[in-house]
Each structure stands twice: as C-alpha cells, then as structure tokens.
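Some notes on the structure that comes next.
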There are 4 protein chains.
Amino acid sequence: MSLPNVKRPKRAGWRRPTQRRARQTVEAILDAVVKVLKRDGLKAVTTNRIAEAAGVSIGSVYQYFPDKQAIFVALHRRHIDDIDRLVATTLVENANSSLEDLIRSMVEAITDAHTVDPELYHMMFSEVPHRAEGTKDFTVRFRGAFRLALAGRVDELGKARDLDKLVFVVTHMVESLCHGAALRRPPGLSLTDAKEEAVRAIVAYLRV
Amino acid sequence: MSLPNVKRPKRAGWRRPTQRRARQTVEAILDAVVKVLKRDGLKAVTTNRIAEAAGVSIGSVYQYFPDKQAIFVALHRRHIDDIDRLVATTLVENANSSLEDLIRSMVEAITDAHTVDPELYHMMFSEVPHRAEGTKDFTVRFRGAFRLALAGRVDELGKARDLDKLVFVVTHMVESLCHGAALRRPPGLSLTDAKEEAVRAIVAYLRV
Amino acid sequence: MSLPNVKRPKRAGWRRPTQRRARQTVEAILDAVVKVLKRDGLKAVTTNRIAEAAGVSIGSVYQYFPDKQAIFVALHRRHIDDIDRLVATTLVENANSSLEDLIRSMVEAITDAHTVDPELYHMMFSEVPHRAEGTKDFTVRFRGAFRLALAGRVDELGKARDLDKLVFVVTHMVESLCHGAALRRPPGLSLTDAKEEAVRAIVAYLRV
Amino acid sequence: MSLPNVKRPKRAGWRRPTQRRARQTVEAILDAVVKVLKRDGLKAVTTNRIAEAAGVSIGSVYQYFPDKQAIFVALHRRHIDDIDRLVATTLVENANSSLEDLIRSMVEAITDAHTVDPELYHMMFSEVPHRAEGTKDFTVRFRGAFRLALAGRVDELGKARDLDKLVFVVTHMVESLCHGAALRRPPGLSLTDAKEEAVRAIVAYLRV
DNA sequence: CATGAATGAGTGTTCATTCAT
DNA sequence: AATGAATGAACACTCATTCAT
C-alpha cells in the first residue's frame, strides 16, 4: 500500500519478535485504512472497520494508537516519509545531471507517486490537522532539498537570483504541477505531455 | 463573510418578501458555518450548532438544505462564485493591459482574496468532496478565462505554443503561487516579494 | 417509584406543556433506572437500557442529563428530597408530641421508607460520588431538624447536655437503627420489635 | 495496607516456597487495589491497572482470582478479618473490665481503625455486593462477640432484657457511632469527645 | 507458573435528521 | 413556514478475560 516505487529498506539487523510483530501490526492497520477508504469511501473508515480490514481486533488497534486521529497522522507521516525519501534519492541520483534533467527526474518521480491513489491523498489532507508534527518538517526538508540542488547549479540559473524566492516558487510549482499532472489533467492532455510541460515551465523560470 | 473586495451586486428589482427572507436565511446559515468553523474548528460544525449560530431553528436549516453536505457545497459555490467574479472582473479591467500587467493584476487579486481568511479556505476545500459539481464548473471557467486571455495575446507568447498546455500550467501556477503567497510563505519572504516573484515566474513561462 | 408514603405535592399552578413534558421525561428516566436495577441488577443499568425502560430514545436521555453520572446524582437528590420532606413533615406533625412520640414517629417513618427498596439504596450510594452537592446539604438539614426538635424539649433531656453531642449521636442512631431495622434485622427479630427497641435506645440516651 | 494496629501473626512454620510466593502475590494484588483506589479513584481500578500496580502480569492476577469481583471479595474479607481480630482481642483483653470499660475499649479500637483510611472503607463497602459470603459471617461473629460480652454481664444490664434486641441495637450503635466518629464528625466536635459520647450512649442504653 | 499481546462484546455518547405542533 | 424535542443508527473507545509463548 505504500508507494510502489519507493524503496523501504529492510533493516538487516535483528529485532525482537515482539517488535517485528508490532511493526507488522501497525503497517497492517495503516494499509487497512487505505484499503477501506478505496473500497468503501471516507465515511466507511471507522475504527472497527479498520480493525476488521487489518485482520486484527479493535482492541489491538488501540494497543498501537491512542485514538483514531493518531492513525491518520501515522498514515500521513508514512506518506511524507515516502516522498521525502523519493526527493532525497532523486537528488542524489542526479548529482551530476543538468538542471533540466534533475527537474525532469523530480517531476517524473513525484507525479508517478501520486498517480497511484488520488482519493487517499485527499482524505489524508482532510483528516490530519494542519500543523501536525511531521508536516512542517517536511516542508522544511522539501525546501532544503531544492535549495541544495539550486545552490550547486548557480551557473545554470538566471543572474543575480535570490535563492529564497527561487526555492519558494520552485517548490510550489513542483508540488502543484505534479499534483495537477497526476490528478487534475484536463481532458486531451496526456500524462507524458503534462509532465514535460511542467518541466519546461520550471526550467524556463529558473533560467530567466 | 464573502470576499470583502468582491462586489456582490444588489438587485434593484423587487422580490416577494418570502424570497428575500429565504435568501437572507440561506446567507445566515452559510455565514454561521464560517463563524463556527473559525471559532471552534471543523469538528464543532454540527447542524444544530450551525442553526444556533445562524439564529434559526434546526428545522429551518433543513427547509433550505436537503442535508449537511449540501450546506458545504453551497458554501463552496459561494466562494467559487466570488473568485469567479474576481477573475472575470480582472480580465475585463485589463482588456488593454499587457500580458504582464494582466498576470500581475490577477495574482494580486487572488492572493489578496485569500489573505483574509487562511484557515477557512483550507477547511472548505478539505471538507467538500473535490469532484463536487460546482468545483468542476469553476475549473472549466477558470481555464476558460485564461484561455481567453492568452488567445488574445498570442504575440506576447513564445512561438508555436499549445494553448491547452499553456492553460494547464498557468492555471496551476496562479492557483498554487497565490495560495502559497497568501498562506505558506517561508519566513523572510514578504507578501509583496512573493507576489512579484510569482508574476515573474508566470510571465517567464509564457514568454519562452 | 418514589417513596410511597411521601407526599409529593402537585403544584396547582399552570405550567407550560414543554416544561411539564420535560419533568415527566426526567421522572420517567429516574424511574427507569430503578426499574432496570431491580429487574436485572446493577450491571444491566446502561444508558441505552435506561432509555428503553423509560420509553424514550437514548437521545432524549442526553437531552436532559449531560452524562450517566448525572442521572444517578439526580436519583440521589430525589431520594434525599423525599427523606428530607419526610423528616420535616414528621417534625411538624409532632410539634406537640412528647419526645418519645416524636422519636417513635421518626423511626417509623424512616424505617418504613427504607423497607421498600434495599438494592436501590445500595446502588445509589455506590454510584453517586460521596461529596455530591445535595448530600452535604442533607446532612446539615438532617442535623438541623433534630437540633430543632431537641432544643424545644430541653426539659425532657438529661441535665446540662451538650446539644452538639446529642445531635451527633441521635442522628447516627436514627439513621443506623432505621436502616438496620429495615434491611439488616437478625432472624427472629420482627420489624415491629426492632423499631420499638430502636425508639427505646434513643430515648434512653436522650434522658440520661 | 491492612490495619496498622492489628497484629497479623506470621506463622513460624515452614511453607513450600511456592505457597509463600503465592501468598505474597495475593497480598501484593490486594494492596495494589487499595493503592490505585486511593491514588486514582474507583473508576481507575481496572484489572490491568491492578496488575501493573502490583508489579505482576495480568495473567498472574487471573492465576489467583477467577474474576475481578473475587479480588474485591478477598479485599473485603481481609478487612473483615482485621476487624474481627480487633474485636476478639479487645474482648479478651477486657475479660475482667466493667461493661463501660469494655465498651470504651471497643469504641476506641474500632474508631481508631477507621481513622486511618476514610475513603478506602467506604469504597470497599460500596463496591462489593452486600450479601457477599464473608460479610454475613462477619455480622454473625460480630453479633456473637457482643452476645458473649453481654451474656457475662447480666448484672450490669437493665432488668429482664432480651439479649437478641440488645445485641441488635448495640452492634448497630457501635458500628455507626465509630464510623461516624471517625469519618462524619460535625465541625466543632473533637474525636475524643465523639468517642466518649458514643460510649455514654451505648452504656446508657444497656443500663436502662 | 508467568507473561502480556490479543480479543471483542459492550459501553457511553454524538449528531444528522424527522415531524408533531 | 418555523420550531425544537425527539429519534436512533452509528461511532470511538474500554477493559475483563484468554491463551500462545
């Protein structure tokens, strides 16, 4: 249920069975939320239904989460961690790429990640409170990643540009256009074209 | 509770008291939603609370709305109509302006509209299902407005551009950057600078 | 369900239907608690069961009581008010009686009041928090009643007695012996004999 | 957690470690109930909380008690055994005392025993069903003790008295007045005075 | 024997909705 | 039309109890 193209490294180290089991249960619960959500819609996502879909008792759910809200927050964190890892990976893998290639890789990766599960993301944003812990951190890290990427490519940017402004605009463009390409494309515009146009727009802005 | 800088024309013509009264009640209910939402948060927005805050009985609420969802949809529509009007007005007022001036006016208007009530808009968008009727219409009209604006300024655009792609990217940029400038500015970036940078980015893209 | 030998005066005055109805519902709920308790035991006294037994919906129960605890408190108050009235009435009715006759009337009245419903009183004392508002007041009023009764009969009391001590002991004796006569009589001791012996004990103490 | 002034004799004899351990665990559990009760109130007394406070696993609790109720019954029994011992000891120690001195010793002992832990005793009596096995035995033994004491002092009693009635009234007076002196004294009445007045009342009754 | 994760029936409570007045 | 008391399905959550390890 997590992003398919995100490598979630399995620790080689040994874990006490209890902890492994616990981790499995938590994952099962988070997966169950997505499962129920997609199968029966947001209103059907009740704690008892989650438990049932996860194959555990409702009591067990409350062994791992203090309340319903906490489940959504955890789900949110998992998503954020996925995207985080995606961004970091893309950044590293494109250390020697041109600015355009980096942007293209980034747009491809993020767009594809969101192609999977439209309704899920809507729910997560509607259930998880705004200033939830992990969210702010993510914004900071997201901006940090782009600042890093741009700082190392000053020669490819327009002259005398203010990095703060660049980062502000670029992060919003990436997020919005990837989201749009994946979920809000107008009829008649292919996914491929949408992504390419997004890249073109971002690059154009950076080069001015 | 609607956008302050949007002119909501009052019909001069006469209406049967009943209809005027009905309109007033509907408005009172929608305003009550906003009031409760801002004062006590999303979870406190119950139909009974809405009725109370609107100064009408719960029975009256159901006289005007078939169910709770419908109230949110109406609220959403009201906001959308405001923005719609804003866009149309800006378009008309800048009929003879340069592309850059048009974009600037648009960014200013939309950003300012969202500066008023940050939390409100997020909640509204998260509560009402995205594919709700009114939203789609808005997207269509929003795109239509920009298509119109761009189609009349082909000479200011880059050569051989596909209007569909342009509209797709521009609408997303406007929405995202205005939203970002109003609600998600990083510390150290002023509202003025954010808006100006947004304009620069959009214009840069259009001119490539 | 209230004490049968307590006159609960019906106001002659007019009440708005709403308020009369409300009062009826509240009474029905309190009666329902007693009903369920006696029929199925303490563990069966759930809010839903109370509602069912009262012939109202669970929602209505929560219209009149903020939570389950409040129902027990109200029941407690009702009982206390009954006993209160009982004591006051007995006091007045025996204004001209001898000390012994007054004590006898008091013992009779209170004992008989508790003969009705043993399990009920146990539950009430176990569910309602100790220092609940009305309880303290009752103790004060109970003591006040006896202080009044004794202060007017100093010639029938032992010489140079301290009223505070008399009241302390007498109130405890009355409460305990009436309770005991009604609920904890040893086999072979009739209710009549138990009451008479209680009277003898109390009078003996007062005359020393 | 048991009464401090009650000597709980430690058997000199040898026991298999298992049994000693078992006894210790049972005691730890009962003490844990009291601990949780006093610290967090009746509602917090859950089996898991008891286990935690006792420093044993929930499984172990169920090794020694068939269900939750049984824990309360055992706790009750422990208290009753303490009081029982107290009464017996006082009786023996006052074998040659006058009636008044015996009553005084009894009142002192029982009152002091309850001075320690007001809230505890009330909760215990309200939680455990009144007709629980151990309780009845206690009542029988309590009455037996006083019957014995009074039977040996007929010359100090009023003439032609019925022992059954005497015992009924005296046991209730002792219990109620000791309880009252310890827990429900009115402001302005000292513990010493309350006890002495209780003695005076009981003796007065017995001598009539 | 000890453990404590797992269980799930059952609880108190909420709130969108109805309808007699 | 307007009212608001009444409804009751549905929910989040608890906790006594079990049992595999």
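We name chains A, B, ... by the order of the sequence lines, and we start the count at 1 in each one.
When all heavy atoms are compared, the tightest approach of C:I71 to C:L30 is O-CD2, 3.7 Å. In terms of heavy atoms, B:F65 sits closest to B:V26 at CZ-CG1, 3.9 Å.
Distance CZ (B:F72) to C1' (E:dA16): 12 Å, rounded to an integer number of Å. Taking atom NZ of B:K43 as the reference point, atom P of E:dA16 lies 13 Å away to the nearest angstrom. Atoms NZ (C:K68) and P (E:dG10) sit 15 Å apart, rounded to a whole Å. Residue A:E52 contributes atom CD, which lies 14 Å from atom P of F:dA12 at whole-angstrom precision. Summarising the geometry, the separation between CD1 on C:I71 and P on E:dG12 is reported as 9 Å, rounded to the nearest angstrom. For A:D67 and F:dT14, the CG to C1' distance is 14 Å, given to the nearest whole Å. Atom-to-atom, CZ of A:R23 to P of E:dA5 comes out at 17 Å; the value is rounded to the nearest Å. C:F65 places its CZ atom 15 Å from the C1' atom of F:dA5, with the value rounded to the nearest Å.
With sequence neighbours left out, the side chain to side chain contact (heavy atoms under 4.5 Å, CB included) criterion links B:Q24 to B:R20, B:R21. Remark: A:S60 pairs with A:S57 by the side chain to side chain donor-acceptor pair (under 3.5 Å) rule, at least two apart or across chains. Residues satisfying the side chain to side chain contact (heavy atoms under 4.5 Å, CB included) test with D:A53, not counting sequence neighbours, are D:A32, D:V36. By the side chain to side chain contact (heavy atoms under 4.5 Å, CB included) test, C:Q63 pairs with no residue at all, sequence neighbours left out. In this structure A:T46 satisfies the side chain to side chain contact (heavy atoms under 4.5 Å, CB included) test together with A:N48, A:R49, sequence neighbours excluded.
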* Yes or no on salt bridge (Lys or Arg N to Asp or Glu O under 4.0 Å) for B:R78 and B:D31, after CA distance, side-chain angles and deciding distance? -> CA-CA 11 Å; B:R78 189 171 78 170; B:D31 288 348; 2.9 Å; yes

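As judged by a 4.0 angstrom heavy-atom cut-off over every strand, B:T46 is placed among residues touching the sugar-phosphate backbone only. Across all strands, A:N48 comes closer than 4.0 Å to base atoms (heavy-atom distances).
Within the structure, the salt bridge (charged side-chain N to carboxylate O under 4.0 Å, His left out) test picks out no pair touching residues 54-65 of chain B (sequence neighbours left out).
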* Structure fact -> Pairs under 3.5 Å (Watson-Crick or G-U), crossing ones as [ ], inter-strand ones as |: DNA chain F comes out as .||||||||||||||||||||

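Comparing B:T47 and C:A44 by the nucleotide of DNA chain E whose heavy atom lies nearest to each, the residue mapping closer to the 5' end is C:A44.
Interface residues of residues 54-64 of chain D facing DNA chain E, ordered by number: D:S57, D:I58, D:G59, D:S60, D:Q63, D:Y64; criterion, heavy-atom separation under 4.0 Å.
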